[in-house]
Number of protein chains: 2
Amino acid sequence: MAAGQGGAEGMPHGAPGGVEQALHAAEARCLRAGVQLTPLRRQVLELVLEAEQPLGAYALLDRLKAQRPGAAPPTVYRALDFLLEQGLIHKVERLNAFIGCVEAGHAHHEGHGHDHAHQFLICRQCGLTVELSDHAVAHALDDAARRAGFRIGNATVEVEGLCAGCAAG
Amino acid sequence: MAAGQGGAEGMPHGAPGGVEQALHAAEARCLRAGVQLTPLRRQVLELVLEAEQPLGAYALLDRLKAQRPGAAPPTVYRALDFLLEQGLIHKVERLNAFIGCVEAGHAHHEGHGHDHAHQFLICRQCGLTVELSDHAVAHALDDAARRAGFRIGNATVEVEGLCAGCAAG
DNA sequence: CAGGTCGGGTTACTATATAACATCTGTGAC
DNA sequence: GTCACAGATGTTATATAGTAACCCGACCTG
Ligand SMILES: [Zn+2]
Ligand SMILES: [Zn+2]
Ligand SMILES: [Zn+2]
Ligand SMILES: [Zn+2]
């Protein structure tokens with residue numbers, strides 16, 4: 001954790017006021033999917049979206065406790081499971097942390113539901129984490145797996161490196 | 001953990017008697033690198049290589065205790081750190097588990113040392129885990145990262161799916 | 001009013017990983 | 001020789017991540 005870590009109002013990856021917009025999109029999406037984006041789930045999603053870096057479950061729990069003193073690990077894990085199932089967030093395996101899906105708000109992707117092909121670029125210095133949806137990567141991986149006789153499911157693709165800012169500065 | 005989990009004498013990914021060969025290759029490699037493949041580290045490497053599936057640190061610890069009753073978590077984690085640094089094993093992030101590097105014994109790769117580009121295919125049903133070194137995947141990832149302004153470091157690429165055997169049966 | 005489903009509270013626990021300090025052993029300086 | 005140092009391991013305690021199990025209230029349905 002090196003760079004700007006604003007409390008609750010940090011500047012997320014997408015847009016400054018994009019959190020509210022993303023929350024509304026998530027509500028609409030859950031409505032269409034016939035699942036409930038309850039206040040708790042919405043709160044957890046909001047916490048994930050507000051952070052400009054992936055947050056661990058216990059970091060989320062700490063923040064959640066401010067609004068919901070009784071919160072315990074299962075509280076946050078259940079909400080995270082739901083959000084993962086709905087494709088609203090992703091887990092970054094290398095960090096044991098969670099981050100909002102950048103595609104979740106895009107109308108033209110709403111058909112996908114969960115598990116679209118994605119990749120993460122993680123800056124080792126400032127922690128900046130960027131989500132890509134690179135088709136070339138997805139296809140190369142698909143081909144390679146097929147050649148090995150595998151029927152493909154979800155893929156975890158996470159690259160550690162230096163972001164443009166940190167490489168320059 | 002679903003399929004055949006032979007005790008200490010399982011059939012590894014490569015060859016039946018390949019474990020001894022791999023251990024000798026590892027010794028030679030460490031010698032050349034000027035680092036010590038101590039008995040403890042060698043034992044841990046052997047345990048990793050004997051399993052035909054990735055093993056978690058505590059599973060390794062249990063097996064290690066049979067030979068080394070005093071072993072504790074740091075014992076095995078330190079050995080694993082060493083083996084990771086030397087490129088003799090990899091960590092499978094999705095499983096929090098460790099597996100021998102298939103390249104480690106290949107003479108023509110010995111120059112690389114650690115962190116060669118690799119990918120894992122993990123069967124969700126039988127746990128079979130296969131390591132690939134697909135250049136097309138590596139290049140696609142490299143390109144994508146470059147376009148995003150990232151200077152690339154290590155990549156974690158892990159695909160969950162069904163192996164040929166499980167897809168057929 | 002049952003009886004079912006779902007979300008969530010609560011407690012306790014398991015699993016994964018590391019910090020910190022102690023001990024031992026070999027090596028080179030003096 | 002012995003002092004100082006580095007590397008490897010032992011030892012104890014703790015931090016971090018994730019789950020199981022049980023309960024309870026809200027809601028719907030017959
Ligand atoms: Zn996404
Ligand atoms: Zn950076
Ligand atoms: Zn490898
Ligand atoms: Zn299989």
Side-chain angles (χ1 to χ4, degrees), chain A residues 1 26-27 30-31 33-48 51 53-86 88-99 127 156 158, chain B residues 1 26-27 30-31 33-45 47-48 53-86 88-99 127 156 158:
Chain A
M1 313 287 179
E27 276 168 357
C30 288
L31 198 63
V35 296
Q36 304 178 52
L37 185 63
T38 62
L40 169 60
R41 290 165 174 174
R42 203 189 125 109
Q43 271 176 13
V44 172
L45 177 56
E46 187 174 7
L47 289 171
V48 171
Q53 290 177 4
L55 288 183
Y58 283 74
L60 288 165
L61 179 54
D62 284 343
R63 289 162 169 72
L64 187 60
K65 277 178 179 164
Q67 302 168 284
R68 211 173 261 258
T75 312
V76 68
Y77 276 105
R78 286 193 285 229
L80 290 170
D81 284 346
F82 171 86
L83 297 170
L84 286 169
E85 275 165 20
Q86 301 309 314
L88 295 169
I89 64 172
H90 296 297
K91 178 172 183 183
V92 186
E93 299 285 346
R94 282 174 76 118
L95 305 175
N96 293 322
F98 302 86
I99 190 172
T156 298
E158 302 174 359
Chain B
M1 310 295 176
E27 277 169 356
C30 288
L31 198 64
V35 296
Q36 304 178 52
L37 185 63
T38 62
L40 170 61
R41 290 164 175 175
R42 205 189 123 110
Q43 271 176 14
V44 172
L45 176 57
L47 289 171
V48 171
Q53 290 178 1
L55 288 183
Y58 283 75
L60 289 165
L61 178 55
D62 284 343
R63 289 160 168 73
L64 186 60
K65 276 178 179 164
Q67 302 168 283
R68 211 172 261 259
T75 312
V76 67
Y77 276 105
R78 286 193 285 229
L80 289 170
D81 285 346
F82 170 86
L83 297 171
L84 285 168
E85 274 166 20
Q86 301 309 315
L88 296 170
I89 63 172
H90 296 297
K91 179 172 185 184
V92 185
E93 298 285 347
R94 282 174 76 119
L95 305 176
N96 293 320
F98 303 85
I99 190 172
T156 297
E158 302 175 0

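Throughout, protein chains are lettered first and strands after them, A, B, ... in sequence-line order, and every chain is numbered starting at 1.
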Spacing between [X] atom [atom1] and [N] atom [atom2], to the nearest angstrom:
X: B/Leu55; N: C/dA15; atom1: CG; atom2: P; result: 15 Å
X: B/Leu61; N: C/dT14; atom1: CG; atom2: P; result: 16 Å
X: A/Leu83; N: C/dG8; atom1: CG; atom2: P; result: 10 Å
X: B/Leu80; N: D/dT9; atom1: CG; atom2: C1'; result: 15 Å
X: A/Arg94; N: C/dA17; atom1: CZ; atom2: C1'; result: 16 Å
X: B/Asp62; N: C/dT14; atom1: CG; atom2: P; result: 14 Å

Heavy-atom pair with the smallest gap, counting every atom of [X] and [Y]:
X: B/Glu158; Y: B/Glu93; answer: OE2-N, 2.7 Å
X: B/Ala71; Y: B/Lys65; answer: O-CE, 3.4 Å
X: A/Gly127; Y: A/Pro54; answer: O-CD, 4.2 Å
X: B/Val44; Y: B/Ala79; answer: CG2-CB, 3.7 Å
X: B/Leu47; Y: B/Leu55; answer: O-CD1, 4.0 Å

For nucleotides 5-7 of chain C, list the nitrogen or oxygen atoms of the protein found under 3.5 Å from its nitrogen or oxygen atoms, one pair per line.
residue : atom : partner : partner atom : Å
C/dG7   : OP1  : A/Arg41 : NH1          : 3.2
C/dG7   : O5'  : A/Arg41 : NH2          : 3.4

Point to revise | Earlier contact from the 5' end, DNA chain C, for A/Ala79 and A/Ala72 | key: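 Going by which nucleotide is closer to the 5' end, it is A/Ala79.
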Check your understanding: Can you list the residues that meet the salt bridge (charged side-chain N to carboxylate O under 4.0 Å, His left out) rule with B/Arg42, with sequence neighbours excluded?
Key ->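 Only B/Glu20, B/Glu27 meet the salt bridge (charged side-chain N to carboxylate O under 4.0 Å, His left out) criterion with B/Arg42.
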Practice item. Quick one, give me the B/S/- string for nucleotides 15-23 of chain D, reading 5' to 3', where B means a protein heavy atom under 4.0 Å from the base and S means that only happens at the primed atoms, P, OP1 or OP2. Key: --BBBBB--
Check your understanding: Within the side chain of A/Gln86, is there an N or O that forms a donor-acceptor pair under 3.5 Å with the backbone of A/Cys30?
Key ->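 No, A/Gln86 side chain to A/Cys30 backbone: no donor-acceptor pair under 3.5 Å.
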**Study point:** Qualifying residue, where the test is side-chain contact (heavy atoms from CB on, under 4.5 Å) with B/Phe98 and the options are B/Leu45, B/Val76, B/Leu80
**Key:**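 The single option meeting the side-chain contact (heavy atoms from CB on, under 4.5 Å) with B/Phe98 is B/Leu80.
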